[in-house]
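First the structure, in the form of structure tokens, and then the observations on it.
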Amino acid sequence: MSALSVHQAHGPGQSPLAESLLAMLVVVTVCLLAAGYGRGVQELWSRRGAGHVVPRWRVAAFGAGLLVVLGTEHGPAHEMAESSLAGHMAQHMLLLLVAGPLLAAGAAGLPLSMAVPLPLRRLLARCRVAPPMRRLRHPGTYALLAGGGQTVVLWFWHLPGPYAAAVDRPAVHATEHLCFLATAWLFWAPVLGSPRHRAPAPVTVLLLAGTMLPASALGAVLTFAPQPIYPRRVFGADPLPDQQLAGLLMWAPMDLAVLVVALTVFLGWLLRMDRDRPDGLRGGPPPGGTRPMATTAEAEGVVP
């Protein structure tokens, strides 16, 4: 086993009791989300039939997202995060690029609202149709807020001060991960969520590209910094290589995932435009087989 894997990056301020309580809180929260989502899906399927409104693949995606959250906070991923900056960065990428998109693909808004008591459900419905909320849900406004929110959260928690505080204090660490998961969920919702709530393809492409660039810049800063920018206690055995690997783990996977999704959305948009174009714009014969209008030369008898 390498020195990097056995070195404990977290400082002495960690409280085992606090870590245990926070771990229990994570498990309870995940269980409540799973129960609420399952209750809402059951009610929708009992009314419309199994697989309707919320397809089975979306239910599977939501369940997989919750499992990724649990796997990120416990087990090997958590142990890697305890030993090095690169392991901690891998944990962050799991939340941002795996758990967040899967939860967003679950389209959980309607099922979770169906699981709450009827008075609260009516209150949520009134809030959704209120003018401020309708303006907030406009695709352009929502995309700007979602992309900006994820960028701010990503940069803030990777500044030296907040990052060191998250490493030293379990409650701050849990808040950091909650911010990552919430912003990733909101960010991917207009891309992978219910079709009726998705942003238009051009807005989606701009959202993805505009969010990828600041994240790439942060990854480049960590990769090419000439010296470690965090306190010594947050690193593994070799601080500078650990920081460079952490920067690459942020840079490459995020760029690849966002580029693949952006190209998929863009190509799908082009295919839909081509499919929806009138037949007269395709360059083929006009509809109905009618003969094209005669040219001026033909009309005047110049062309035999």
Side-chain angles (χ1 to χ4, degrees), residues 8-34 36-37 62 65-104 106 108-109 112 145-189 211 214-215 218-219 221-222 229-235 243 246-247 249-250 253-254:
Q8 289 298 310
H10 282 201
Q14 297 280 27
S15 168
L17 178 59
E19 286 190 340
S20 300
L21 291 175
L22 287 171
M24 291 178 58
L25 180 61
V26 170
V27 173
V28 169
T29 302
V30 168
C31 290
L32 289 175
L33 281 174
Y37 185 86
F62 190 81
L66 293 179
L67 290 177
V68 172
V69 172
L70 287 177
T72 302
E73 300 298 327
H74 304 279
H78 179 70
E79 293 175 2
M80 289 174 57
E82 292 284 324
S83 65
S84 67
L85 177 65
H88 204 172
M89 190 64 69
Q91 196 179 34
H92 293 174
M93 292 302 103
L94 284 173
L95 293 173
L96 291 169
L97 299 179
V98 182
L102 285 172
L103 293 175
L112 290 177
L145 293 176
Q150 174 152 302
T151 299
V152 170
V153 164
L154 189 65
W155 271 85
F156 172 79
W157 284 110
H158 287 96
L159 294 174
Y163 186 88
V167 165
D168 292 337
R169 297 176 178 84
V172 180
H173 194 192
T175 303
E176 175 195 46
H177 285 190
L178 179 61
C179 290
F180 285 146
L181 184 63
T183 54
W185 191 343
L186 294 175
F187 173 78
W188 288 102
T211 308
L218 178 57
V221 168
L222 295 177
I229 63 176
Y230 297 110
R232 176 65 182 83
R233 65 184 182 279
V234 310
F235 291 106
Q243 179 174 287
L249 285 173
M250 173 182 289
M254 183 167 289

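Counting begins at 1 with the first residue of the sequence. The figures here come from the full heavy-atom set of this structure, side chains too, leaving out hydrogens, waters and symmetry mates.
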Can any side-chain N or O of Tyr163 pair as donor or acceptor with the backbone N or O of Val234 at less than 3.5 Å?
no

Tell me if a side-chain donor or acceptor on Trp155 pairs with a main-chain N or O of Pro214 at a distance below 3.5 Å.
yes

Might you point out which heavy atoms bring Val69 and Ala99 nearest each other, and give the distance in Å?
CG2-CB, 3.9 Å

Point-to-point distance, once rounded to the nearest 0.5 Å, from CG of Leu96 to OG1 of Thr211
11.5 Å

Side chain to side chain, Phe62 and Leu102, heavy atoms closer than 4.5 Å:
no

Do the ring planes of Phe235 and Tyr230 sit parallel (below 30°), tilted (30 to 60°) or perpendicular (above 60°)?
tilted

Grab the two heavy atoms, one from Val153 and one from Cys179, that are nearest each other, plus how far apart they are.
CG1-CB, 3.8 Å

Pairwise side-chain contact, His173 with Glu176, heavy-atom cut-off 4.5 Å (strictly under):
yes

Mind checking whether Leu154 and Met250 have side chains closer than 4.5 Å, heavy atoms only?
yes

Less than 4.5 Å apart, any side-chain heavy atom of His92 and any of His177?
yes

Would you give the length of the straight line joining atom CE of Met93 to atom CG of Leu249, rounded to the nearest 0.5 angstrom?
8.5 Å

Let me confirm one number: the NE2-CD1 distance from His158 to Ile229, rounded to the nearest 0.5 Å.
9.5 Å

If you apply the rule side chain to side chain contact (heavy atoms under 4.5 Å, CB included), what do you find for Phe180 with Leu94, and how did you get there?
CA-CA 10 Å; Phe180 285 146; Leu94 284 173; over 6 Å; no

Closest heavy-atom contact between His74 and Ala23?
CE1-CB, 3.3 Å

All heavy atoms of Leu95 vs all of Leu181, minimum pair found to be O-CD1, 4.2 Å

Find out whether Val167 and His88 are in side-chain contact, i.e. whether some heavy atom of one side chain is under 4.5 Å from a heavy atom of the other.
yes

Please give me the minimum heavy-atom distance between Trp185 and Ala108, naming the atom from each residue.
CZ2-CB, 3.9 Å

Is there a side-chain contact between His78 and Gln91 (heavy atoms, below 4.5 Å)?
yes

Indicate the atoms forming the closest heavy-atom contact of Gly147 with Phe187, along with that distance.
CA-CD1, 4.1 Å

